[in-house]
Amino acid sequence: MLDHIGLEVSDLARSARFYDALFSRLGVRRIHESQAAIAYGSHEPRFWIVQRDRAPGPGFGHVAIRAAGRVAVDAAHAAALGAGGQDDGAPGLRPQYGPRYYAAYVLDPDGLRIEVVAGGH
């Protein structure tokens with residue numbers, strides 16, 4: 001259903017360090033890079049960060065990124081924290097979403113909420 005997701009960021013280089021760290025633990029890489037935008041994916045650009053002339057608005061909701069398993073969730077969470085993210089929910093089971101739903105939440109450098117999830121609903 002979705003073709004891609006784009007988030008507006010205030011500092012492209014700072015956000016790139018965060019997303020490079022997070023995505024590197026999930027097998028996702030940079031697919032596109034320009035002066036104002038970077039896109040990540042495995043084969044095609046699916047997740048974009050874009051710097052515009054306006055500030056992003058934290059608290060919009062969140063983007064959930066699928067991980068291959070619990071170890072990948074844990075590694076992505078740790079990498080994101082090491083790259084300037086803030087913890088917004090440590091890795092763990094979230095039984096309210098399903099018996100196998102394992103996720104972690106981080107806030108990116110602009111305060112946008114990112115979920116990394118393994119398991120299913």
Side-chain angles (χ1 to χ4, degrees):
M1 178 173 80
L2 298 176
D3 181 71
H4 68 274
I5 300 226
L7 300 180
E8 294 186 1
V9 300
S10 61
D11 182 324
L12 189 62
R14 180 184 68 175
S15 292
R17 285 189 298 276
F18 172 86
Y19 286 104
D20 285 349
L22 179 119
F23 283 132
S24 72
R25 302 311 190 274
L26 301 173
V28 175
R29 62 185 175 85
R30 286 189 190 191
I31 299 290
H32 170 84
E33 186 170 357
S34 71
Q35 189 172 356
I38 296 171
Y40 297 88
S42 55
H43 300 296
E44 296 181 22
R46 299 292 185 197
F47 187 98
W48 291 77
I49 55 173
V50 180
Q51 185 170 334
R52 300 198 194 277
D53 294 329
R54 59 180 179 241
F60 72 98
H62 74 274
V63 173
I65 301 164
R66 180 167 301 282
R70 292 179 183 187
V71 171
V73 171
D74 295 349
H77 182 262
L81 296 180
Q86 287 185 275
D87 179 48
D88 200 38
L93 287 170
R94 304 291 195 273
Q96 66 271 35
Y97 303 128
R100 298 179 307 129
Y101 200 96
Y102 187 88
Y105 298 89
V106 292
L107 300 178
D108 83 352
D110 286 303
L112 303 173
R113 193 169 198 232
I114 306 297
E115 176 184 2
V116 182
V117 61
H121 293 281

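Heads up: numbering here begins at 1 and tracks the sequence.
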**Q.** Neighbour count above 12 (heavy atom, 6.0 Å) for Q35 CD
**A.** no
(Q) Rounded to the nearest 0.5 Å, what separates atom OG in S34 from atom CG in L12? (A) 7.5 Å
Q) Under the side chain to side chain contact (heavy atoms under 4.5 Å, CB included) test, which residues partner V50, sequence neighbours left out? A) A37, W48, R52
Q.
Looking at R29 and G27, would you say the former's side chain and the latter's main chain have a donor-acceptor pair under 3.5 Å?
A. no
**Q.** Within one Ile-Leu-Val-Met-Phe-Trp-Tyr cluster: I5 and L107, side-chain cutoff 4.5 Å
**A.** no
(Q) Do V116 and L93 land in one hydrophobic cluster if side-chain heavy atoms of ILVMFWY residues count as linked below 4.5 Å? (A) yes
Q | For E8 against L112, the heavy-atom pair lying closest together | A | O-CD1, 3.9 Å
Q. How many angstroms lie between CD1 in I38 and CG in D20, if you round to the nearest 0.5 Å?
A. 6.5 Å
Q.
If you compare all heavy atoms of Y40 against all heavy atoms of A16, which two are closest, and at what distance to 0.1 Å?
A. OH-O, 3.5 Å
Q: Please state whether the rings of F23 and F47 are parallel, tilted or perpendicular, taking 30° and 60° as the class boundaries.
A: perpendicular
Q: Search all heavy atoms of A67 against all heavy atoms of A72 and return the closest pair with its distance.
A: CB-CB, 3.9 Å
Q: Report, as yes or no, whether the 6.0 Å neighbourhood of atom CD on Q86 holds more than 12 heavy atoms from other residues, nucleotides or ligands.
A: no
Q: Flag the pair E115 and R113 as a salt bridge only when some basic side-chain nitrogen lies within less than 4.0 angstrom of an acidic carboxylate oxygen.
A: no
Q: Verify side chain to side chain contact (heavy atoms under 4.5 Å, CB included) between L22 and I65, making sure each step is shown before the conclusion.
A: CA-CA 10 Å; L22 179 119; I65 301 164; 3.9 Å; yes
Q: Treating Ile, Leu, Val, Met, Phe, Trp and Tyr as nodes and any side-chain heavy-atom pair under 4.5 angstrom as an edge, say whether V73 and V71 lie in one connected cluster.
A: no
Q) What are the two closest non-hydrogen atoms of D110 and S15, and how far apart are they? A) OD2-OG, 3.6 Å
Q) What heavy-atom pair brings A83 and F18 nearest, and what distance separates the two atoms? A) CB-CA, 3.7 Å
Q: Consider only side-chain heavy atoms of I, L, V, M, F, W and Y, link residues closer than 4.5 Å, and tell whether I31 and I49 are in one cluster.
A: no
Q. Do the non-hydrogen side-chain atoms of Y19 and I114 ever get within less than 4.5 Å of each other?
A. yes
Q: Scan residues 73-84 for pairs that pass side-chain hydrogen bond (donor to acceptor under 3.5 Å, both in side chains), counting only residues two or more places apart or in two chains.
A: D74-Y102, H77-D87
